[in-house]
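All values below were derived from every heavy atom in this structure, side-chain atoms included, with hydrogens, water molecules and symmetry-related copies excluded.
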Amino acid sequence: MEPMTPSQVPWLFAALFTPIGAAVGCVAFLKVRRTRRLLRDGARASGVVMRLERTRIAPGSDTTGPDRGVGTAVYYPVIAWSTSDGRAMETGTDIARPGNRTLPVGTRVEVRYDPADPTRWTLPAEGSGFWWLFVAMGALFVVIGLGFLIGAPANGL
């Protein structure tokens, strides 16, 4: 296999950044739309944080803790609530946070959900700001990829 020439590198970067950015941006934008629709049109329910599900992200160097796991511990609140027709639901949030920044067990929260599909729900307090960050990141990747494409020599491939 021949080594890559310098004129092929911008094409490679364009081929990586553009579709990855488009995919991340589109998925995040769909999440923003769904969240906004639920906040506007969703049925309301009262819920309570029942427990926190622990997971780990980003490998860390601290392995001296009691569980000796690798990474930073974050928590997903699990919320119990009932639909207007009495169906009991227990659902976890999409966003994990460090223990000191997550909803504590016993916290009462408002839930907005789709009555036709209660598995589609959100917390008004969460909003969609987190997902807008990913929309922006996806758009930035697309711009970077297109920048490489525009700057790539025409005879690169």
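- Residue Cys26 holds its SG atom at 15.0 Å from CZ of Phe134, rounded to the nearest 0.5 Å.
- Without hydrogens or angle criteria, Thr107 side chain to Pro104 main chain gives a donor-acceptor distance under 3.5 Å.
- Thr102 places no side-chain N or O within donor-acceptor distance of the main-chain N or O of Pro98, the cut-off being under 3.5 Å.
- Taking the side chain as every heavy atom from C-beta outward, Glu90 and Val78 approach each other to under 4.5 Å.
- For the pair Pro19 and Ala14, the tightest heavy-atom approach, listed with the atom from each and the gap, is CD-O, 3.8 Å.
- Taking CG from Leu123 and CZ from Arg112, the interatomic distance works out to 11.0 Å, rounded to the nearest 0.5 Å.
- Among all heavy-atom pairs drawn from Pro115 and Ala43, the shortest one is CG-CB, 3.8 Å.
- Residues Val109 and Val48 do not share a hydrophobic cluster, clusters being chains of Ile/Leu/Val/Met/Phe/Trp/Tyr side chains in contact below 4.5 Å.
- Side-chain contact between Trp81 and Thr91 is present, with heavy atoms from C-beta onward closer than 4.5 Å.
- Residues Phe148 and Trp11 keep their aromatic ring centres 6.0 Å or farther apart.
- Cluster annotation: Val32 and Leu30 are assigned to distinct hydrophobic clusters (Ile/Leu/Val/Met/Phe/Trp/Tyr, side-chain heavy-atom contacts under 4.5 Å, transitive).
- For the residue pair Ser84 and Tyr113, the shortest heavy atom distance occurs at N-OH, 2.7 Å.
- The aromatic rings of Phe29 and Trp132 sit perpendicular, their planes meeting at an angle over 60°, well past the 30° parallel limit.
- Cluster annotation: Val27 is not connected to Leu133 through the hydrophobic network of ILVMFWY side chains, with a link wherever side-chain heavy atoms come within less than 4.5 Å.
- Under the 4.5 Å side-chain criterion, counting only non-hydrogen atoms from C-beta, Asp117 is in contact with Asp114.
- The closest donor-acceptor contact from the side chain of Thr83 to the backbone of Arg87 lies under 3.5 Å.
- Looking at every heavy atom in both residues, Ile95 comes nearest to Pro77 through O-CD, 4.2 Å.
- Rounding to the nearest 0.5 Å places CD1 of Ile79 at 6.5 Å from CG of Leu103.
- Annotation: the span from Phe141 atom CZ to Phe13 atom CZ amounts to 11.5 Å, rounded to 0.5 Å.
- Between the CZ atom in Arg44 and the CG atom in Leu39 there is a gap of 9.5 Å [rounded to 0.5 Å].
- Counted within 6.0 Å of CE on Met50, heavy atoms from surrounding residues, nucleotides or ligands total 12 or fewer; the atom is thus considered open.
- Taken from OH in Tyr76 to CD in Glu53, the straight-line distance is 9.5 Å, to the nearest 0.5 Å.
- In terms of hydrophobic clustering, with Ile, Leu, Val, Met, Phe, Trp and Tyr side chains grouped at heavy-atom distances under 4.5 Å, Val24 and Leu140 are assigned to a common cluster.
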